[in-house]
Amino acid sequence: MGQIVYAAAMSHVLHPPYYEKNVGPHGKRMVEELIAVVAAMGRELAARRPDALVIIADDHLNVFSFDAVPAMCVRIGRSVSRMAQEGAIEFDRALDGLAERYPLHEDLAQRILEDGLEAGFDFAASWSAPLDHAFLSPLSVLHGERPMTPLVPFWVNCFVAPMPSARRCYAAGQHIARVVANGPWKVAVVATGGLSHFPELSLARVGESDPEFDRRVVGWMERGDHESLTALTAKELHTTGSHELLNWMVLLGAVGPVPARVRFFGEMGRIDLAALDWDASP
Amino acid sequence: MSRYDVNVLLYRLKKDRGFREQFRRDPRAVLAAADLTDDEREAFVRWNPRRLNELGGSLHLVLSIPDLGAH
């Protein structure tokens, strides 16, 4: 019987030059502290020896276009490449120098997809979508010099309205947990993104965050108050710039209403940074 | 508002270098066949990312077009 052996969520631009340029020395220091925490979490992840790592993140209009935006998408196939973007924005410079291909856990991905469709989750499937910073920046810090755990990348549409609801994302996470429980594998689950930034996805408001909202949300996670979290509306997520919490909702559904441990929380101004983990042992 | 057309153009500007170069040389000609409102067309021609964003252009696209990004 399979088991979720590790569960965590964290911000996903783990790239000091980005914050140095856009926030200053204080931003750079804060993300360096976060990177040290995530690296330590990665050593704990490795100690659990997972067979597969489900990573839940969003696309920044790098992979999917307005021609079709899946609400949720499972990456299937045997391997996945790092996104190549000429003239990449600083976010994606975090990818420079990383390996170009990564292994996928084909069997777990296929089970999540096929059992999902059977259970009423109309997930999209992609054979070709590459990974941007939302996946590879945290994965590279978590793994350090260790080989990459076979991945199951899972995209949630966080940015192109209408987005899936917090409740639906949570239900997708519950589905992932059922698939894991029914399979033979030890699985890590990691969600990325956030905390609040880019309120209303408005260029005029880039630079603002909502620390009060972030403290409330993190407090709910510490208390395992998933009712309050899944009751968050699309409007609340949009107004506060918390779109990427949808990725975290999937993870919350996968771990169930147990208290989170806050490993890092920092209020930067432009964005608030965090890393949390959940005791996933049975 | 032509949310789809605005974003298709922004996406192409991000991903297609040849298209981007044509756009920089002669934006009006490149946009001639696009189904845009006058307001949207002007925001492209004058390259006003903030206005494009207000008109429905995805923040993550207007931030990340090589050499034209608003970041």
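Worth knowing before you read on, the calculation uses all heavy atoms, side chains too, and leaves out hydrogens, waters and symmetry mates. Naming: A, B, ... by sequence-line order, numbering from 1 per chain.
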Where does Arg20(B) contact chain A at under 4.5 Å (heavy atoms): side chain, backbone, both or neither? side chain
So which part of Glu200(A) gets closer than 4.5 Å to some heavy atom of chain B, the side chain, the backbone, both or neither? neither
Tell me if the centroids of the rings in Tyr102(A) and Phe135(A) come within less than 6.0 Å of each other. no
Please flag which part of Phe66(A) lies under 4.5 Å from any non-hydrogen atom of chain B: side chain, backbone, both or neither. both
Ignoring hydrogens and angles, tell me if any N or O in the side chain of Ser140(A) forms a donor-acceptor pair with the backbone of Ser137(A) under 3.5 Å. yes
Salt bridge Arg216(A)-Glu212(A), side-chain N to carboxylate O under 4.0 Å: yes
State yes or no: are the ring centers of His15(A) and His133(A) separated by less than 6.0 Å? no
